Amino acid sequence: MKHWLFKSEPDEFGIDHLINRPKQTSGWDGVRNYQARNFMRDSMQIGDTAFFYHSNCKIPGIAGIVEIVKSSYPDPTACDSKSKYYDPKSTHIAPRWFMVDVKFVKKFTQIIPLTVLRDNAKLQDMLLLRPGNRLSITPVSTKEWQAILAMAANI
DNA sequence: GCCAACGTTGGC
DNA sequence: GCCAACGTTGGC
């Protein structure tokens, strides 16, 4: 099983929104970046786990864990002209954007702040921490995954 | 709200 | 296919 990190703005859709969804499950719609799409479309499998990262907020950091419960399928918001994620270049016949479904697994007792992640030597190579990184979905290595779980356990 | 870094667009 | 202009992301 692979590991991932999903970014979201908590004002838009935070981990508490996911908890309050039916079955604590939601489609991860609105991704409009090819690299992030490719991760979802080509590499994610049911059973993969991912960190839920809160971005663009007071204390950016990892809020908890989710699990992939449905592998990729076309993102319907791309075909919805009323959606802010509407993309006229995407069609039903040739969908351009894909999404997966994620299910809530766990919320950390406290968020693990970005600043704390940066201080962990084991996470030096983590994609999230690369200068200028903006990718909303990134792979997480097993080593990084375990290091972060250990941090969460020690809060 | 600023702004640096990045991805995308579109003219040529 | 190059690259300047533009829009977006996201930490601070």
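Note that the structure is a prediction, hence the values are computed from the model and not measured. Proteins get letters first, then strands, A, B, ... in listed order; numbering begins at 1 in each.
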side-chain hydrogen bond (donor to acceptor under 3.5 Å, both in side chains) partners for A/Y73, two or more places apart: A/D101

Boundaries of the chain A footprint along DNA chain C (any atom under 4.0 Å from a heavy atom): C/dG7 to C/dG11

Under the side-chain hydrogen bond (donor to acceptor under 3.5 Å, both in side chains) test, residues paired with A/W4 that sit two or more places apart: A/D48

Closest-nucleotide 5' rank along DNA chain B - winner of A/G132 and A/N56: A/N56

Show every donor-acceptor pair shorter than 3.5 Å between a side-chain atom in residues 35-46 of chain A and any protein atom, with sequence neighbours excluded, or say none if there are none.
| residue | atom | partner | partner atom | Å |
| --- | --- | --- | --- | --- |
| A/R37 | NH1 | A/R96 | O | 3.0 |
| A/N38 | OD1 | A/R41 | NH2 | 3.4 |
| A/N38 | ND2 | A/Y34 | O | 3.4 |

Please set out all donor-acceptor pairs under 3.5 angstrom arising from side-chain atoms of residues 50-63 of chain A, sequence neighbours excluded.
| residue | atom | partner | partner atom | Å |
| --- | --- | --- | --- | --- |
| A/H54 | NE2 | A/I15 | N | 3.1 |
| A/N56 | ND2 | A/E9 | OE2 | 3.3 |

Nearest-nucleotide comparison on DNA chain B, the residue closer to the 5′ end among A/N133 and A/R96: A/N133

side-chain hydrogen bond (donor to acceptor under 3.5 Å, both in side chains) involving A/D16 - partner list, sequence neighbours excluded: A/K107

